Amino acid sequence: MKLRKAMAAALAGALVLTTIATGTTSEAAKKTKLKTKKVSIFVKGKKKISITGKKAKHKYTFTSKKKKIAKVSKKGVITGVKAGKTTITVKDTWKQKGKKKTKKLGTVKVTVKAKAPKQTQTPVVTPPAQTPAVTPAQTPVVTPPAQTPDGGSQTPVPSVKPSVKPSAKPSVKPSTAPTEKPIPTPDVEMSLDKNQIKPGDTATATVSVSAGEVNEVTWSVEKADVASVVKDAQDAKKAVITGKAVGETKITAEVKVTVEKKQFTVKAESSIKVATVVVNPVIESDSVEVNIGEKVDLAVKVDVETSMIESIVWKVEGDIATVETDAVDITKVTLTGVTRGKGKVTVTVTVKQGDETAVNTATVNLEVIQPIIEVDLSKGASTPSWFSGVSGEAQKDGSYKITWAADATDYSSAKFNFDDGMDLTGYYCVIDAEGCISTVEIHDKEKHETIYNNPYSVTKIEYGKAFPFVIQLSPENLNTAEVVEGGTADYTNVGGVQFAKGQEGEEISLTIKSIKFYKYEKDIPANMLPKSAK
């Protein structure tokens, strides 16, 4: 099998560090937060929604928008019903001074995928090629797989020494019978440039698909006396909606799509309101990115006279940022990043003309960025139970020293686990260390590889690395091997960094000075960058 899989099992099984609760007042005063923001499961798969800072005598409720896609239990366990997307709303209910109080904690985006057919893998053993004496340019010998104490299959990792660069492929390769994977039904969305129009005015509807090529779109309107819809002569994916009479109606697009030569027909719907007084607020940005502690200004445009505006209310989803309305101009606000995460900024505009009132909202995606994330080395590293001879100790200068005894298990490892999985897409992992050359793996928090069920390395494994070490969590560095949960991993749930030795027969050590993730390359110290990048 490939060197990646021959080494995978030996680097696996890192024990997740347990953070010891301090019992301090600050812990007790923690806000209740919805930890789970996005879930991807298969049909019949299950995933529990996580809430941190739960309080006594509070009741937490979970409601699925589309129960035909995914259902959720009273305890917050999501079950996939059929392929598709939905959201689950989470609320916190309690009593205060005899009165019932309810607060929305947030929503969980759920994607349910069709279960792929199981693959049958049959190991095919070929005779190993004759290996000459090892020189600095050659690869060390790979020994046959052994059994771990817990019964799992453990594949040894080639010895990693300063003069050796592993390059040869092991002689044992798993043979996978070809299995045709089902093509998932593409998602389709409809967007309107205006969702409120006056009689005689027009709006444009546009459909987009997640995959494939749109062949034909059939447009229809639920209430023909309220509005009409006509396909755009130049672009079948667009249509012009014309208001006829006061009311509200649904616009439907039936879309024929071709994905990998297979035909699909999918539908998208949206509602439009026809009224004598309308307002269509537009935030002057498609998305907003702000660093923690930094500020960014936003403004909303309205298509009515200022005298008609009755109120403008801004809100930020969750607690990732604060919002402060301009004291002079209520169409403007200042956002301040508070904590890492993604959410939405919503503005609700109310206008009035005579006895007629119109209310409408606009939203924009918000991401609060932490430019530099540093792993807390003081929490220590964990080692799988079937490895022996590995120890670690925090140093006075804040570094952490990993020591492998002379009789330490071959290919044994130590791993720094994160308390929570982090979306580190695009970040640069920068490791400053000194000591023995080591193997480096950056793991997904939950996903495991298909063959040995080891924690999945999201980047291509870096064998025998000297330090400082830099790698960007970018598409070209993504490890694309299959994972147990189906498909491939990504960088949205990074859970730890692992270091491993080879077959050295003497005591060796590696002192980790820092493990940092940088959002922007410009922030990386020059002495940490490869010479070509300086």
Side-chain angles (χ1 to χ4, degrees), residues 10-11 13-20 22 157 160-162 292 340 370-384 387-409 411-422 424 427-443 445 455 457-459 461-473 494-502 504 506-521 523-531 533-534:
L11 301 179
L15 302 176
V16 177
L17 290 175
T18 303
T19 303
I20 301 175
T22 61
V157 182
V160 180
K161 297 185 179 180
I292 292 176
R340 244 179 130 251
Q370 186 174 352
I372 304 174
I373 302 169
E374 183 167 7
V375 176
D376 186 356
L377 302 179
S378 67
K379 293 182 179 180
S382 63
T383 298
F387 289 144
S388 63
V390 187
S391 60
E393 184 179 10
Q395 306 297 297
K396 291 182 179 179
D397 62 358
S399 63
Y400 192 88
K401 184 178 182 180
I402 303 169
T403 301
W404 287 271
D407 60 350
T409 308
Y411 322 115
S412 49
S413 62
K415 179 181 175 185
F416 294 91
N417 293 284
F418 309 156
D419 290 337
D420 299 303
M422 295 185 287
L424 297 176
Y427 275 76
Y428 294 83
C429 176
V430 179
I431 302 172
D432 187 13
E434 63 180 17
C436 69
I437 287 181
S438 175
T439 295
V440 180
E441 279 197 80
I442 303 173
H443 285 157
K445 182 72 174 177
S457 181
V458 293
T459 58
I461 301 178
E462 298 291 327
Y463 301 107
K465 299 304 296 183
F467 298 94
F469 167 71
V470 180
I471 188 170
Q472 186 182 20
L473 278 61
V494 178
V497 179
Q498 178 173 278
F499 303 88
K501 74 149 207 164
E504 292 83 356
E506 68 278 358
E507 180 180 297
I508 58 173
S509 65
L510 180 67
T511 300
I512 311 296
K513 297 179 181 179
S514 66
I515 303 174
K516 297 181 181 180
F517 291 88
Y518 292 84
K519 177 67 176 177
Y520 311 112
E521 186 177 7
D523 292 332
I524 303 174
N527 63 331
M528 294 292 169
L529 289 171
K531 292 182 180 180
K534 292 180 182 179

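Bear in mind the structure is a predicted one, so any value in this text is a computation, not a measurement.
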Between the main-chain N or O of [Y] and the side-chain N or O of [X], is there a donor-acceptor pair closer than 3.5 Å?
X	Y	result
Ser457	Thr459	yes
Gln395	Glu393	yes
Gln370	Ile372	yes
Trp404	Gly389	no
Ser399	Thr511	no
Lys445	Phe418	yes

Practice problem: Establish, from distance only, whether the side-chain atoms of Thr403 and Ser509 form a donor-acceptor pair under 3.5 Å. | Solution: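 Checked: Thr403/Ser509 side chains show no N/O donor-acceptor pair below 3.5 Å.
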Check whether any side-chain heavy atom of [X] sits under 4.5 Å from a side-chain heavy atom of [Y], and report yes or no.
X	Y	result
Glu434	Phe467	no
Leu473	Cys429	yes
Lys415	Pro455	yes

So which heavy atom on [X] is nearest to which on [Y], and how close?
X	Y	value
Cys436	Leu510	O-CD1, 3.3 Å
Pro371	Tyr427	O-CE2, 4.0 Å
Glu374	Ser514	OE2-CB, 4.1 Å
Leu529	Glu521	CD2-OE2, 4.3 Å
Glu504	Lys501	O-NZ, 3.0 Å
Ile373	Arg340	CD1-NE, 3.3 Å

Practice problem: Step through the shown structure and confirm whether more than 12 heavy atoms of other residues, nucleotides or ligands are within 6.0 Å of NZ on Lys519. | Solution: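 Yes, NZ of Lys519 has more than 12 neighbouring heavy atoms, counting only those of other groups under 6.0 Å.
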Nearest 0.5 Å, please: how far is [atom2] in [Y] from [atom1] in [X]?
X	Y	atom1	atom2	answer
Asp523	Met528	CG	CE	14.0 Å
Ile402	Ser438	CD1	OG	7.0 Å
Asn417	Lys379	CG	NZ	10.5 Å
Phe517	Ile471	CZ	CD1	10.0 Å
Ser413	Glu441	OG	CD	8.5 Å
Ile442	Gln498	CD1	CD	11.5 Å

Exercise. Any chance you could lay out the side chain to side chain contact (heavy atoms under 4.5 Å, CB included) test for Tyr518 and Val430, step after step, and finish with the verdict?
Key: CA-CA 8 Å; Tyr518 292 84; Val430 179; 3.6 Å; yes
Quiz item: Do you know which of Thr439, Ile512, Val390 makes side-chain contact (heavy atoms from CB on, under 4.5 Å) with Phe499?
Solution: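 For Phe499, the side-chain contact (heavy atoms from CB on, under 4.5 Å) check succeeds only for Ile512.
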Exercise. Could you tell me if the ring centre of Tyr400 sits under 6.0 Å from that of Phe416?
Key: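 Between Tyr400 and Phe416, the centre distance is under 6.0 Å.
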